[in-house]
Amino acid sequence: MFDEFARHINIMDSQDLDRVVNLVKARREMIAQIHKAQFIVGMDVEFEDKSHNTVYGSVIAINRKNMKIRSTSGTTWTVWPCFVRKSTNA
């Protein structure tokens with residue numbers, strides 16, 4: 001599948017590539033919207049940081065492309081909704 005897609009990309013001109021990029025961006029935003037709809041401000045959530053440590057916190061803002069989360073340690077994080085899940089920490 002990817003080989004076939006790569007062949008199509010190799011024959012595209014700049015305008016066609018721009019269209020593909022715009023479609024990918026739109027799809028990513030749609031996925032973020034779907035994930036974002038699961039959360040409300042004040043909800044307890046968790047996510048993994050770059051070191052793969054679980055960070056617990058609560059949603060303080062939901063923006064167009066990301067969410068602001070205040071961790072239990074007081075740090076404010078900006079996170080893509082697809083990386084956030086409802087907290088299992090009771």
Side-chain angles (χ1 to χ4, degrees):
M1 178 176 164
F2 291 108
D3 291 336
E4 183 179 342
F5 188 68
R7 275 187 248 123
H8 286 291
I9 286 177
N10 285 334
I11 60 173
M12 290 181 179
D13 63 14
S14 181
Q15 190 175 26
D16 290 337
L17 289 172
D18 286 342
R19 287 186 193 125
V20 170
V21 169
N22 289 335
L23 286 170
V24 170
K25 286 181 182 179
R27 178 67 179 137
R28 283 186 177 164
E29 282 193 34
M30 186 185 317
I31 291 169
Q33 293 286 342
I34 291 167
H35 286 280
K36 200 166 51 170
Q38 301 173 19
F39 303 101
I40 58 171
V41 172
M43 181 179 280
D44 290 332
V45 295
E46 60 187 60
F47 63 94
E48 289 187 11
D49 65 10
K50 290 181 181 179
S51 301
H52 303 288
N53 298 313
T54 301
V55 177
Y56 297 96
S58 60
V59 177
I60 59 174
I62 300 174
N63 302 320
R64 188 170 65 90
K65 291 185 177 181
N66 55 48
M67 299 167 57
K68 298 280 187 186
I69 298 170
R70 179 158 297 124
S71 70
T72 54
S73 66
T75 305
T76 301
W77 296 78
T78 302
V79 185
W80 275 76
C82 60
F83 296 123
V84 180
R85 58 191 177 272
K86 294 177 185 177
S87 182
T88 58
N89 193 16

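Remember, it's a predicted structure, so these values are computed and weren't measured experimentally.
Other residues sharing the hydrophobic cluster of Ile60, ordered by chain and number and joined by side-chain separations under 4.5 Å: none, the residue standing alone. Grouped with Ile31 in a hydrophobic cluster is no other residue, since no side-chain heavy-atom contact under 4.5 Å to another Ile, Leu, Val, Met, Phe, Trp or Tyr is found.
Pairs engaging residues 27-40 under the side chain to side chain donor-acceptor pair (under 3.5 Å) rule: Glu29-Arg64 [sequence neighbours left out]. Applying the side chain to side chain donor-acceptor pair (under 3.5 Å) test to pairs two or more places apart or on separate chains, those with a residue in residues 9-25 are Asp16-Arg19.
Across Ile40 and Val59, no two heavy atoms sit closer than the pair O-CB, 3.6 Å. Contact detail for Val84 and Val79: the closest heavy-atom pair is CG2-CG1, 3.6 Å.
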N/O donor-acceptor pairs under 3.5 Å from side chains in residues 41-51, not counting sequence neighbours:
{"residue": "Glu46", "atom": "OE1", "partner": "Thr88", "partner atom": "N", "Å": "2.9"}
{"residue": "Glu46", "atom": "OE1", "partner": "Thr88", "partner atom": "OG1", "Å": "3.2"}
{"residue": "Glu46", "atom": "OE2", "partner": "Arg85", "partner atom": "NE", "Å": "3.0"}
{"residue": "Glu46", "atom": "OE2", "partner": "Arg85", "partner atom": "NH2", "Å": "3.3"}
{"residue": "Asp49", "atom": "OD1", "partner": "Ser51", "partner atom": "N", "Å": "3.0"}
{"residue": "Asp49", "atom": "OD1", "partner": "His52", "partner atom": "N", "Å": "3.1"}
{"residue": "Asp49", "atom": "OD1", "partner": "Asn53", "partner atom": "N", "Å": "2.8"}

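Listed by chain and number, the residues in a ring-ring contact (aromatic ring centres under 6.0 Å, His included) with Phe39 amount to none (sequence neighbours excluded).
If you take OG1 on Thr75 and CD1 on Ile69, they are separated by 12.0 Å, rounding to the nearest 0.5 Å. Expressed to the nearest 0.5 Å, how far NZ of Lys68 lies from OG1 of Thr78 amounts to 3.0 Å.
No side-chain heavy atom of Ser71 sits less than 4.5 Å from a side-chain heavy atom of Tyr56.
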